[in-house]
Amino acid sequence: MSATAAHRLVAAIAPDALAPGTVLVADTLAADPRAAGPGGGADVPCPAAPLVEAELRRLGTATVRGVLRLAPAGTDPVSRDSAAVAALLRGGGAGVGIGVAAPPDDHAARLAARAALASWLAVAGSPRTVLLAAPRSFCAGVERAIEVVEHALRQRGAPVYVRKQIVHNTHVVGELSERGAVFVDELESVPEGATVVFSAHGVSPQVRTEAERRRLRVIDATCPLVTKVHVEARRFAGRGDTVVLIGHAGHEEVEGTLGEAPEHTVLVETVADVERLEVADPERVSYLTQTTLAVDEAAEVVDALRRRFPALRGPGSDDICYATTNRQDALAAIAEEAQLVLVVGSASSSNSRRLVELSQRRGTAAHLIEDAAAIRPDWLAGVRTVGLTAGASAPPRLVEEVIAILGGLGPVRAVERETARETVRFTLPSALRGPG
Ligand code: SF4
């Protein structure tokens, strides 16, 4: 059978098992041993089930996952009622299926089930290539911050309070919450004397003072590369400079850095901000950057600063961190070859959003996805080459899941393109060293 021809079978399921308004999404199509032909005698996995399930939820329909039992068309009263539908994708050796079932007398659920199935079948069956950018996913600062919370939970027991998201990823935060981490926005939510972890993005001196006042047991998971920027801010302000911080207003890292020398620091985001800038002494201006900016955009702002303030001084080495730079370079190497780029990361993740913008600036459609379930069928229409990467706070397993789930729509060939090898590792804070 060709890769593009989805072979449709009618499937049967005990409809009584489904609550009204609920659609069953098959994670396995279990073959009826009596059935002849495709699928007969062998169970068929359904890796695309999360995609179908997400589509149904977008349609406002409740779902459950389960097994759909295939039966020869026309041999079963349920199948004749068309309440259950499955498709086998066998082309190119895919050997995978998609299946949904709704209660036979539930018209709305049946319509939704058929719509969800049809939307994914429309982009299923053909082979795809996934170009994997490398490096991608966790950086050394994120790995360290997660390890800090895990270690603190083992060493001190739950609850361990964490100020802000430890890293900007909802999966990471959710998993640590389940293990006893309690995420708070401000220190006032932490009981006096409790253990609190500062996130990878760093905090201002004012937050440290407040933690001391409340006798909190602080473990600082600030990325050492963010700490480097704080040290520079203090040094530049200390020598009497106006410190121009290039970054995004409201980002936690920016708030922390601004807090080091608030009277001496101004924030700029764009070249237009630079044009409007007023400083006390144009001969005494230095700049810093947020660690997760787009390298090319930040360079434009620095150039604009240098045009206005020729005596401008900067950090000894780039503040945009190695991980941000490497992930942008890796994506740049594949973005133009891909017809679509998927960036795994949370909306709150600055470096992930910069990756999406980078691809879009290079003319390739790109989407930020929390995980594979966020992929929409229309994005994949006519797409045979998908570029895939992940921001520095996104777990590697989410990338693997995207590849596996895309494999539920037809054969997938994953090709990794490595542009740099990362060996950076950071040690745990001294407060945690020792057995955990
Ligand atoms: S992205 Fe860069 S600055 Fe941020 S945690 Fe990772 S290594 Fe540190």
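Start at 1 and go down the list; that is how both ligands and their atoms are numbered. Keep in mind that this is a model prediction, so the values were computed, not measured.
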Visitor: Could you tell me if H264 and D241 have a donor-acceptor pair between their side chains, going purely by distance under 3.5 Å?
Guide: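 No, because no side-chain N or O of D241 sits under 3.5 Å from a partner of the opposite role on H264.
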Visitor: Tell me how many protein N, O or S atoms are closer than 2.8 Å to atom 6 (Fe) of ligand 1.
Guide: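 My tally for this metal is 1.
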Visitor: Quick one, F138 and N169 - any side-chain contact, counting heavy atoms below 4.5 Å?
Guide: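 Answer no - side chains too far apart.
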Visitor: Regarding T265 and E260, is there a side-chain donor-to-acceptor distance under 3.5 Å anywhere?
Guide: no
Visitor: Any chance you could lay out the side-chain contact (heavy atoms from CB on, under 4.5 Å) test for I98 and C46, step after step, and finish with the verdict?
Guide: CA-CA 5 Å; I98 299 176; C46 302; 5.9 Å; no
Visitor: Ignoring hydrogens and angles, state whether a donor on the side chain of R354 or S350 is under 3.5 Å from an acceptor on the partner side chain.
Guide: yes
Visitor: We want to know whether D319 and Q290 form a side-chain donor-acceptor pair, criterion being a heavy-atom distance below 3.5 angstrom.
Guide: no
